[in-house]
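Owing to the predicted nature of the structure, the values given are computational and were not obtained by experimental measurement. By convention in this document, chain letters (A, B, ...) are assigned in the order of the sequence lines, proteins followed by strands, and residues within each chain are numbered from 1. All values below come from the heavy atoms of this structure, side chains included, with hydrogens, waters and symmetry mates left out.
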2 protein chains.
Amino acid sequence: MTDEIDMAPSEDTQPARRGRRRRGGEKATPDLFPQKPFKQPRNIFPPLEAVSADELEAIHNASMRVLEEIGIDFLHEEARAMLKAAGADVKPGEDRVRMDRAMVEELVGKAPAEFTLHARNPAHDLQIGGNAISFASVASAPNAVDRDGGRRPGNQQDYRNFLKLSQFFNIIHGVMGYPVEPVDIHASVRHLDCIADFLRLTDKVYHIYSLGRERNLDGLELTRIGYGLSHEDFINTPCVATVINTSSPLRLDTPMLQGLIEMAKAGQVSIVTPFTLAGAMAPVTIAGALTLQNAEALAGIAFAQIVRPGAPVVYGGFTSNVDMRSGAPAFGTPEYMKAALVGGQLARRYHLPYRSSGVCAANTVDYQAALETTLSEWGAINGGANIIKHAAGWLEGGLSAGFEKFITDIDLLQKIAEYLTPLDVSEEALAVDAIREVGPAGHFFGTEHTQARYKDAFYAPIVSDWRNYETWAEAGSPTAYDRANMLYKKALEAYEQPPLDPAIDEEISAFVDRRKAEGGAPTDF
Amino acid sequence: MTDEIDMAPSEDTQPARRGRRRRGGEKATPDLFPQKPFKQPRNIFPPLEAVSADELEAIHNASMRVLEEIGIDFLHEEARAMLKAAGADVKPGEDRVRMDRAMVEELVGKAPAEFTLHARNPAHDLQIGGNAISFASVASAPNAVDRDGGRRPGNQQDYRNFLKLSQFFNIIHGVMGYPVEPVDIHASVRHLDCIADFLRLTDKVYHIYSLGRERNLDGLELTRIGYGLSHEDFINTPCVATVINTSSPLRLDTPMLQGLIEMAKAGQVSIVTPFTLAGAMAPVTIAGALTLQNAEALAGIAFAQIVRPGAPVVYGGFTSNVDMRSGAPAFGTPEYMKAALVGGQLARRYHLPYRSSGVCAANTVDYQAALETTLSEWGAINGGANIIKHAAGWLEGGLSAGFEKFITDIDLLQKIAEYLTPLDVSEEALAVDAIREVGPAGHFFGTEHTQARYKDAFYAPIVSDWRNYETWAEAGSPTAYDRANMLYKKALEAYEQPPLDPAIDEEISAFVDRRKAEGGAPTDF
């Protein structure tokens, strides 16, 4: 199906790139998955503000005091030298870097407010910023879980299956990290196999980890090869992202700084996301955690702008709270929601795209999982998030990626996208004539107005079971979890690998083989 | 505990009423339920608008055309006579009533934008309107369900247990209908027993059904007795509500009109809520369903203002869509969310309080239940709803009231209330000194800033299980449903009956006995 479409004459207005598919080519999906074509939702609502303009300035000022008076440890000599040269206060032999607010604001001001993140398939290019939203699958889980196989350490097969699901569902806009860590591949070469899989099993945007300079360089080069871009074009084409997590509080470690440097130098995207858990790595107050989040995010973003002014970056917010009884991270809490709103206010204050997440602390696909995940999304969407990471499949505070959860979350995301679709308020939609035709005590089932529209009138859910109780009970009282267990397998069956130029495929193999022969990347980071 | 508090000297500034408790007297609740005191959440966010001002006017105009050109059937001669006298177009021998927009807008303009709905316990009085929110329990379900007893037709014991849960949880602000219909009580006297239970088992606001004039009159009189009010005071004290459901499309039936008349005459509250299911009793387009909703709601509200200008009313929105494959009602859909937003815009256009709902179509307490319920609440809260009905316990599109669902929804509602609490952005909360004290690579667990705040820093969930996977698996992998099954029983154990003046208690019994001896109310409505 996709092949047929790809063989059709190209109507693509973008400059042809060798490795990139020419057209969207949305494939037909079975009736089980009545999904809409790939499209980024637009947030038609103004972002909500949890703090006033004055209060926002108070958070800004507090974080500026943190950067000026306390400073951030940059665990990388080259980075410190670059910061010093750019005007930061760096003392010899010390890791601490202090920046005054004028310097920070000037640097942050160089970052683009919006950019295109290019996919291998141009139909899957993403606008990052403005009111555009992207949903990305769960990332970085050490375990995979489904009902059949139980919970197990991540492995390549599960990894690949999550990539296939991410490719299959049009509501997933990108894969921002390994959905599950394939620990059955040696750490020295894991990134090579994983990125080759990104390129072969999907044609959506993806992520490379900042876990040592060599991994960034390998990921960048594989991406350039996979996209069929020249070195010159690559640097001007944002097409791969990394997440830079600060080591909260107040520290940017070596691999993260190497990542920031290499990504910025290559014109690629850094999503700077402090992991500021209120009560643990951040103050117990949400305002305090946001102060720390803001200081750390801006430190990373400012540094990227020193490396390469105009480097595409994203302001990441991940502030949540811990369970004060156990110290365990909690997600989808009311505090998380508020932090998501204020995170958006801060990102917009600096004219930066904003990243949030769809997360939960549930151990299984139950009411709790849906409640916490939906509340996370509520905060993210109301907060004006542009990239929503971990939006499908996240469980256990990120410790496992769930196949059933992936499917139930797809239903959530599709519903959100539909909620953000403008309402048709045309004369015909207002339906005064249909109301006149039906009159009191009638019904609208058989009217022409209904018949002409009913097939596409409403969102058709994939998980929600709307059968009546009796029919549902006769069918064995399946829960959403049961249905999702069936559906994820059907989706894997229906998955089709996107086309890839054989020459590029060979080039990818050659690169991977060469780097493996060289021993891959160091594992002592 | 409550008794002790009630014996303390009264600091109540409200005029004493014989049957009303003097003070709030929030009772201590076990550690399982770390709930906050009874308080209405305030919506700190501006309501979101799903349609533009012009589009809103288009819906308004379309509904005015429905009222002017098509009209509504009022199945009550007295009502038609009153409408005719007020200027409506009513032809002899016809049920149809047409009103021009000037008449409608003038009448609707007489309704109060805001009022106090008084509870038997003044600490449980509710503000209806503005940015105040009230959550009410599930209402009118024909079946009750829990895991132990399965699904069964409603009965008095389940009815009473739901009242006890509604009383126990401070996040429930009122009981707007029988949570479950106790069909083991004969229909002629059911309302007498049920209202007596409202008065005895709870001291929050409640609802009486409009199912025949006698039931309204009995309910009003029992309420007056229960509240210890004179007839004169009663009429000036809104303290009980009825829901008026239009028989969509375009019809107000006899009992509903009797209800509107008796409630308005008594100065009590009518929540006029058309049941406009897009694709069934309403046009398949959401804009068309809203046009019909608006016409019907305003027809009922305008009529109440003819009966008694200034009668307290609420604009009810319940527009959802059907499953076009089965015709079954769906809830918590994207279409539902949009309709909830526009319903709020319409209510505010007419300066009326707004009622929405927290509903789902799930058959059990699973991911679907949480997803659909939370999306309903998302629509209701973003839409600026003042009363959110069915907010705890609703399942199966209203066909059953679930005990476990009641508990899981309590967690949702408490989280929403916490989300709506303003963030503390004080100097201390910004925590620059704590950040300085901890410095890079430290943690905040043991700091004075954390120690002074950690106990109350975060919302403590009642259902969310934040144990790690291993501990949770060792405990038998309980789901939220399992936990809720335990919790609802604990809450019933912890329930304490609110005090009631023995003289009033006797008066209630005397009234109920007399009316039962008289045969109760007709059952041929």
Could you tell me which portion of A:Ala441 (side chain, backbone, both or neither) has an atom closer than 4.5 angstrom to a non-hydrogen atom of chain B? both
A:Glu372 and B:Trp466: side-chain donor and acceptor closer than 3.5 Å? yes
Heavy-atom cut-off 4.5 Å, strictly under: side chain, backbone, both or neither for A:Leu341 against chain B? side chain
Donor-acceptor pair between A:Asn382 and B:Asn382 side chains, under 3.5 angstrom: yes
Of the listed residues (B:Glu49, B:Lys455, B:Arg467, B:His449), which shares the most heavy-atom pairs with chain A below a 4.5 Å separation? B:His449
Salt-bridge criterion met for A:Glu68 and B:Arg436 (N-O under 4.0 Å): no
Take B:Tyr367 and A:Asp409, measure what side chain to side chain contact (heavy atoms under 4.5 Å, CB included) needs, and give me the verdict at the end. CA-CA 9 Å; B:Tyr367 188 103; A:Asp409 288 345; 2.4 Å; yes
Region of A:Phe445 in contact with chain B, defined by heavy-atom distances below 4.5 Å: both
Which portion of A:Ala278 sits near chain B, non-hydrogen atoms under 4.5 angstrom: both
Which bit of A:Val438 comes within less than 4.5 Å of chain B, counting heavy atoms only: side chain, backbone, both or neither? side chain
Derivation and outcome, side chain to side chain contact (heavy atoms under 4.5 Å, CB included), residues A:Leu371 and B:Lys415: CA-CA 10 Å; A:Leu371 173 56; B:Lys415 282 171 174 163; 3.8 Å; yes
Report which part of A:Lys405 has an atom under 4.5 Å of a heavy atom belonging to chain B: side chain, backbone, both, or neither. side chain
Relative to chain B, which of A:Asp73, A:Asp323, A:Asn321 shows the most heavy atom pairs under 4.5 Å? A:Asn321
A:Asn468 versus chain B, heavy atoms under 4.5 Å apart: side chain, backbone, both or neither? backbone
